[in-house]
Structure formats: C-alpha cells, structure tokens
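As the structure lists them, so they are numbered: ligands from 1, and atoms in each ligand from 1.
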Amino acid sequence: MIETLTEFAKDVRDGLSKDNKTLPSRYFYDEIGDDLFVKIMDTPEYYLTDSEMEIFTDRTDELVKLVNFDRKFDLIELGAGDGTKTIHLLKALPKSNFKYIPVDISSNALDLLSQRMKKAMPDLEIETRNLEYFSAIKTTESENPKLVLFLGSSLGNMLDDRAKEFLSQLAKCLRKGDKVLLGLDLKKSADIILPAYNDAQGFTREFNLNLLRRINEELEADFDLSKFEHQPVYDETKGIALSYLRSTEDQTVNISCLGCTFSFAEGEVIHTEISRKYDRPLVDQLIESTDLEIEAWITDSKEYFADIILEKH
Ligand SMILES: C[S@@+](CC[C@H](N)C(=O)[O-])C[C@H]1O[C@@H](n2cnc3c(N)ncnc32)[C@H](O)[C@@H]1O
C-alpha cells in the first residue's frame, strides 16, 4: 500500500502522525483553494496585496529600470497565482525583450493566469510550468539571463532555516548578473497583521478548513469540518503569524486511503501555515551565505511591504 501512496497522502500521514500535528500549506491550493485565495486578497483586511500592488503600479518605472536587461531574458515567476500584480510590470517592460515563464503547482491557477495574460497582452511570449519551484527552474536552462519573481511574501510560508536554504538553492540556479525580485511582508503591530489572517467575511477560515475538505475528497477521509475551527495567532516580538485548525472536541478521524485513524483531543491543533514578517537585519541574515546582494529595497507608502531586488554576484 505504501508504494502506491501519492505525495499528498504521504505528507498528510507524516504530518498527522507527529506529536505536534501539521499539514503543509502548499496543499491549500486546489481549485476551491485558488478561488478562496483570490477572495482573501480582495478583502479589506488583507493589506499585503494592496501594499505590493501599490509598488507595482506607482513605482513601475523604477522597477523596470532595476530589473530589465540589455538583452532578451527569461522572467520566471515562482508561485505565480493570478498574476494581478505582475501584469503591471509585464506591460511596462519592452515587449520583445523577455519570455514570461509562470510556475505554479496549481494547474487551475496556471490555466486561468494564461487565459488572462493572453487576453490582456496578446503579444506576450508565455510558457507555463506546472511544476514545483526548483523542478521548474531546472527545466528552464537557456542562455538568457534570468529574472526570478517571488511575490506575495510566499517566502514567509517557510521557517527561517528553510527560507535560507531556499534562497541559497535559488542562488545556485542563477548565473552572475541574474536577478530576483522578492516581495516580503514587513514586521508591524498585531492589530494590522492578525485581521489579515482572520477576515470578517470568513474566507481565511474557509481556506484553512479547505485542507480538511481536500483530504476528505482525495484521500477518502471523514473529517467533520464543523468540529474544527480556524485559529490564527501572531507573535509580535518574533514577527511570526501562525494558522491552526483546532479540534473543538475529542474525536477520531478515519483516512481510508491511508488505512489509518487519527485521534484529536479537544483543543488539540493542527499547524497549517506560517507567515513570517521581515526586517532588514533578518533579510541580511537569510542571504548572508548566498551570492545574492541587495540592489534595491522598495516599500509602499505605509512601509507595510517591501519588494527587494537581489542580484547574483
Ligand atoms: C500565496 S499564493 C501567491 C500568489 C502570487 N505570487 C501573489 O503574490 O499573489 C501562492 C501560490 O504559489 C503556489 N505554490 C505554493 N507552493 C508551491 C510550490 N512548492 N511550487 C510551485 N508553486 C507553489 C500556489 O499554488 C499559489 O498559487
């Protein structure tokens, strides 16, 4: 049985078998999750999108000067999602100077993105990659220089050690002069951050619970979604937001595809997401053992969010 398990099944089994139960956040993004994430980005509480959008719309010329190359380049976007911010940069760059390569593990997100881009920019040279981040970069071996976009503070979904390793692995895939445009959410007070992970319309709650619905559907499980609640927490001193699913009673859940059951005590939590917040010393620390150097640090007017241009030296 073990041999035939999908990666999703193995990750669910491993995560729920730990003393402190976890589920990887990348499984949020199926068709329903993609749609909920777009709704979350539209909520007034989710300042991250508005802040980064302000940089992409009001500072476009500056961005273009910083990221454009004097010859044709590959613009690779990791975890591209719906590309609503990216499109402003793509429109401002000289059309024939780049190929756009959006990468996403969600084929649904990529299909929607591709349709939208082709409609808005019929001349855009676009090549989608429905792969994991690094598998996608490895399949993009051309002589062209690279600009890698990693927006929306997606790096913050990794613990610092993992983020460090990610940046060092990314740097190894790049050549001298290649660039990274990295969008990071900055440290700020809990009264701004916490509502972003607990919107009044309940989309974040649904997004978190969607993980259990997905396990029910894809792994034939019997999670009762009404017996789990969304629990966001923000530690202001550390600058770390965490999302949990909290069991509201003692219960047992059967996952048929895994052939096992998991027990949950009342109040026990499953950790589902981390959203790290950054400042300059932390970013310096994350890139210190890579060949990446900060070329520019652009923030929105409220200084909630930063888009950082890194160059490989
Ligand atoms: C939080 S959304 C951000 C979307 C977009 N970058 C933005 O700023 O709005 C993260 C996206 O990354 C994709 N994703 C998550 N983990 C991934 C991985 N390991 N490899 C490729 N794509 C991934 C998800 O499917 C989702 O579309």
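Within the structure, the salt bridge (charged side-chain N to carboxylate O under 4.0 Å, His left out) test picks out the following pairs touching residues 299-313 (sequence neighbours left out): Asp291-Lys312.
Between the side chains of Asp191 and Ser189, at least one donor N or O sits under 3.5 Å from an acceptor N or O. Side-chain atoms of Asn254 and Asp222 form no donor-acceptor pair, as typed in the model, at a separation below 3.5 Å.
Using cut-offs of 30° and 60° for the angle between ring planes, the Phe8 and Tyr27 rings count as tilted. Ring geometry for Tyr244 versus His271: interplanar angle of 30 to 60°, hence tilted.
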Does ligand 1 have any N/O pairs with the protein under 3.5 Å, and how far apart?
unit_1	atom_1	unit_2	atom_2	d
ligand 1	6 (N)	Gly79	O	2.8
ligand 1	8 (O)	Lys85	NZ	2.6
ligand 1	8 (O)	Gly152	N	3.3
ligand 1	9 (O)	Lys85	NZ	3.2
ligand 1	16 (N)	Tyr133	OH	3.3
ligand 1	19 (N)	Glu132	OE1	3.0
ligand 1	20 (N)	Tyr133	N	3.3
ligand 1	22 (N)	Ile105	N	3.2
ligand 1	25 (O)	Asp104	OD1	2.5
ligand 1	27 (O)	Asp104	OD1	3.3
ligand 1	27 (O)	Asp104	OD2	2.7

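Aromatic pair Phe98/Phe69: centroids not less than 6.0 angstrom apart.
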